[in-house]
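Here's the structure we're looking at; comments come further down.
Below, each value reflects all heavy atoms present in this structure, side chains not excepted, and no hydrogens, waters or symmetry copies. Residue numbers begin at 1 in each chain, while the letters A, B, ... track the order of the sequences.
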Number of protein chains: 2
Amino acid sequence: MTERLVKAFLKPIQKEEGLNISGGKRGRITIHEVASAAGVSISTASKALNDTGRMGAETRERVKRIAGEIGYRPNALARGLLSKRSFTIGLLTNDTYGRFTLPVMAGISDALVDHGVSVFLCAIEDDPALAQIHVDAMLDKQVDGIIATGKRLDRRLPVDLSNLHVPVVYAFTEGTQNSVTFRSDDEQGARLAVEWLATIGRRRIAHITGPGDFFSVRERAGAYHQVAGHREPVLYGVWSESWGHEAVEQLWKRPGEKPDALFCGNDQIARGAVDALRERGVKVPQDVSVIGFDNWEIVAAQTRPPLTTVDMELKELGRQAGLTVLALAEGRPVEPGVRKLPCRLVIRRSCGGRTPPE
Amino acid sequence: MTERLVKAFLKPIQKEEGLNISGGKRGRITIHEVASAAGVSISTASKALNDTGRMGAETRERVKRIAGEIGYRPNALARGLLSKRSFTIGLLTNDTYGRFTLPVMAGISDALVDHGVSVFLCAIEDDPALAQIHVDAMLDKQVDGIIATGKRLDRRLPVDLSNLHVPVVYAFTEGTQNSVTFRSDDEQGARLAVEWLATIGRRRIAHITGPGDFFSVRERAGAYHQVAGHREPVLYGVWSESWGHEAVEQLWKRPGEKPDALFCGNDQIARGAVDALRERGVKVPQDVSVIGFDNWEIVAAQTRPPLTTVDMELKELGRQAGLTVLALAEGRPVEPGVRKLPCRLVIRRSCGGRTPPE
DNA sequence: GTCAAGTGAGAAAAGGTTTTCTCATACAAT
DNA sequence: ATTGTATGAGAAAACCTTTTCTCACTTGAC
């Protein structure tokens with residue numbers, strides 16, 4: 001006991017001198033300091049702090065207490081070097097606006113922060129070279145996994161992630177063979193919307209949507225046809241307010257009965273449509289119900305009246321993607337395949353019917 | 001020579017066996033593999049790759065070539081452990097929408113990717129506990145620095161970053177004493193807007209803006225008064241379209257001459273104002289010029305007519321913040337203080353006058 | 001033919017942590 | 001009194017790089 005104590009008291013002094021001479025960063029507390037202060041060896045300190053190994057309860061407690069007192073925090077780099085886990089993942093996105101990335105990111109972070117995992121965000125703007133640089137940088141930093149996300153379900157990121165030696169999960173972007181991919185169930189979301197319009201008594205439901213080469217446009221239109229039948233046309237265009245505006249002009253210029261509901265491909269189109277209807281003196285929701293898609297707050301909530309719309313639950317999508325990449329990183333088995341997450345109907349005022357609780 | 005060569009040829013075999021026995025992750029190529037393949041020692045390999053030390057040109061080239069061929073990439077964790085630089089920084093934000101964070105992030109990333117630096121993004125929603133967790137996680141991971149950003153110039157993040165042992169830079173959020181802070185020059189931006197309205201011949205310029213307790217609101221209003229005089233009132237409200245709408249109602253209900261220009265505190269207010277004017281049959285920009293603030297594409301570009309507005313150059317702000325935190329991390333001296341970055345006028349159609357090049 | 005200087009390359013330590021192995025002590029059982 | 005078995009704790013190796021120090025060899029000069 002005496003010998004050990006003497007060593008313990010001797011050590012800090014040597015250490016201090018060593019530090020001063022080397023001129024290294026002062027104040028960085030390592031497990032060395034903890035061991036010295038507690039009068040134990042480094043290995044004992046480590047085992048005490050990690051609740052591993054055999055040792056007296058009193059010793060363990062003392063080490064823990066002292067570590068807390070002097071503010072010891074283990075160096076994740078050193079730990080990662082040994083354990084091959086950096087508790088770090090990369091999020092790769094080509095969505096510059098952040099419309100889709102931010103909710104996904106929030107979900108990922110939310111799910112992983114409890115596990116001590118931090119997230120590198122890399123925004124590549126469809127630039128393959130930039131993407132490669134970011135991927136390489138992340139791999140060098142030994143990320144435990146990568147989540148790829150984008151702004152479109154049916155497009156790949158401009159970089160090949162298929163043969164990395166870290167797990168990759170795709171969220172809201174096209175994945176590779178045998179990968180795990182999370183996406184929204186646009187078909188179900190569209191059905192939700194059209195069924196809601198039917199529920200509140202609408203019969204002549206038109207569909208104004210984006211470009212027909214978007215996979216999600218086709219899926220939503222498919223569900224629309226299935227539920228609403230073919231009584232009203234589908235108008236394909238672009239993802240902008242002005243298209244929504246123009247589409248309403250087209251519809252109302254046609255002879256014959258007008259639609260009593262508009263199912264729009266996204267909130268921007270819906271907003272344009274609502275504006276056009278107001279300008280024509282058509283009352284929303286009294287005369288016509290309008291429903292959007294995306295639940296992009298900044299658009300949906302600022303429309304007059306606020307838009308009833310379909311939320312793709314991107315945060316939940318991110319959460320699941322995060323947990324999945326973590327599982328893969330820890331070697332737990334995960335079934336490959338595409339997982340569709342259900343959408344949710346957000347009821348505001350643009351449809352009439354039940355109004356939301358305020 | 002002979003001896004050395006024999007050793008070199010012997011080594012890879014031992015190493016291979018070692019790897020297989022240990023069962024460590026296969027395929028991870030370390031400098032060991034490079035050295036073996038090139039028939040040199042680890043130290044020589046390292047020096048060759050880093051262009052340091054003395055050695056024959058032929059040897060250096062051979063090592064480099066082989067490293068490239070077998071796809072060697074140095075482990076950043078190991079390197080960081082030694083060099084005390086992780087080539088990693090943290091970006092802390094309380095801006096959930098990403099309106100401000102994303103451009104700033106893009107600028108930071110843009111500036112730092114060339115230096116091999118990756119960025120941890122941590123979105124804390126004004127939750128002090130969550131903020132602390134994220135900061136601790138980043139410090140554990142030995143970030144070289146932290147950039148704090150937010151959605152408001154005159155508010156602090158809910159976490160104290162003042163006594164960290166890594167450099168901290170503030171961008172678009174209130175900093176601490178003796179820190180480096182980057183912010184937009186809202187006064188200059190407002191002057192730009194009002195002067196432009198004057199240039200195109202407007203004389204009765206009203207100012208519709210956000211809540212008066214915002215620092216930037218007061219700065220913009222100050223510049224407005226300075227340039228436009230006090231002929232028209234300043235209407236304080238909230239940052240929403242509906243307030244812009246309502247403010248126009250108020251202005252046009254008043255007796256007497258109406259304004260011929262509206263300087264709005266942000267693009268959402270401007271959009272609401274434009275909509276209200278259209279509904280009243282007032283022509284924009286023929287009768288009234290409207291100018292916004294923020295250049296938030298999704299709002300400014302979708303307004304009819306598209307908004308002339310003031311851009312705060314947040315990407316440039318992020319770029320400078322990134323370079324600054326890097327300089328601090330490398331020990332280069334940086335003068336503390338608040339740096340105001342100039343805003344830029346973006347001319348679209350809502351003001352008339354010179355129209356933008358299409 | 002000896003010495004000095006220069007050149008090329010390897011050995012070893014360091015960075016902070018975890019983990020395995022070994023050792024010393026104490027105690028119970030024979 | 002001797003052996004056997006827990007128990008507590010330390011020594012050392014490992015993770016992958018970089019850097020400093022040292023060593024062996026060559027060359028040119030005297």
Side-chain angles (χ1 to χ4, degrees), chain A residues 1 3-5 7-8 11 15 18-19 21-25 28-36 38-60 62-63 67 72-87 140-142, chain B residues 1-8 11 15 18-19 21-25 28-36 38-60 62-63 67 72-87 140-142:
Chain A
M1 185 62 183
E3 227 181 83
R4 206 180 299 138
L5 263 182
K7 260 199 224 168
K11 236 178 202 165
K15 190 63 196 175
L19 270 177
I21 290 166
S22 79
K25 271 188 188 174
R28 213 90 175 206
I29 298 156
T30 75
I31 201 169
H32 261 94
E33 275 69 53
V34 176
S36 298
V40 297
S41 72
I42 293 175
S43 14
T44 301
S46 174
K47 286 182 294 187
L49 294 170
N50 293 300
D51 277 327
T52 58
R54 288 180 324 200
M55 72 185 21
E58 190 272 336
T59 309
R60 201 181 287 280
R62 180 164 41 95
V63 173
Y72 166 71
R73 309 227 73 204
N75 181 325
L77 262 45
R79 184 182 278 192
L81 189 56
L82 201 53
S83 69
K84 311 264 185 213
R85 293 268 278 109
S86 65
F87 288 91
D140 290 353
K141 280 156 193 150
Q142 313 292 116
Chain B
M1 187 62 183
T2 323
E3 227 181 85
R4 209 179 297 138
L5 262 182
V6 169
K7 259 198 222 167
K11 237 181 203 166
K15 189 62 197 176
L19 269 176
I21 290 166
S22 81
K25 268 188 190 175
R28 212 93 175 201
I29 298 157
T30 74
I31 201 170
H32 259 94
E33 275 69 53
V34 177
S36 298
V40 297
S41 72
I42 294 176
S43 13
T44 301
S46 175
K47 285 183 295 187
L49 294 169
N50 292 301
D51 278 326
T52 58
R54 288 182 320 201
M55 72 185 24
E58 190 272 336
T59 309
R60 202 182 286 280
R62 180 164 41 96
V63 172
Y72 168 71
R73 309 226 73 204
N75 181 326
L77 261 45
R79 184 182 278 192
L81 189 55
L82 203 52
S83 69
K84 309 264 184 215
R85 292 269 279 109
S86 65
F87 289 91
D140 290 352
K141 279 157 194 149
Q142 312 294 116

Under the side chain to side chain contact (heavy atoms under 4.5 Å, CB included) rule, collect the residues that match up with B:S43, sequence neighbours excluded. B:S41
Salt bridge (charged side-chain N to carboxylate O under 4.0 Å, His left out) against [X], all qualifying residues, sequence neighbours excluded:
X     : value
B:R73 : A:D136, A:D140
A:R79 : none
A:R62 : A:E58

Earlier contact from the 5' end, DNA chain C, for B:R60 and B:A78: B:R60
Quick one: label A:R85 by what it contacts on the DNA or RNA (base, sugar-phosphate, nothing), any heavy atom closer than 4.0 Å. nothing
Partner of B:K47 under side chain to side chain contact (heavy atoms under 4.5 Å, CB included), chosen from B:V40, B:I42, B:T52: B:T52
To the nearest Å, how far apart are [X] [atom1] and [N] [atom2]?
X     : N      : atom1 : atom2 : value
A:E58 : D:dA9  : CD    : C1'   : 13 Å
A:K84 : D:dC15 : NZ    : P     : 7 Å
A:N75 : D:dC15 : CG    : C1'   : 13 Å

Degree of bending, the helix from C:dG1-D:dC30 to C:dT30-D:dA1 (end axes from five pairs; round to 10°): 70°
Contacts under 3.5 Å, N or O only, protein and nucleotides 18-22 of chain D:
{"unit_1": "D:dT18", "atom_1": "OP1", "unit_2": "B:R79", "atom_2": "NE", "d": "3.0"}
{"unit_1": "D:dT18", "atom_1": "OP1", "unit_2": "B:R79", "atom_2": "NH2", "d": "3.0"}
{"unit_1": "D:dT18", "atom_1": "OP2", "unit_2": "B:S46", "atom_2": "OG", "d": "3.1"}
{"unit_1": "D:dT18", "atom_1": "OP2", "unit_2": "B:N50", "atom_2": "ND2", "d": "3.2"}

Taking only the side-chain heavy atoms of A:T30 (C-beta and beyond), determine which of D:dA11, D:dC16, C:dT17 contains the nearest atom. C:dT17
Nucleotide of C:dG10, C:dG16, D:dG8 approaching A:T59 most closely (side-chain heavy atoms): D:dG8
Would you check if there is a donor-acceptor pair between the side chains of A:E33 and A:S36 at a distance under 3.5 Å? no
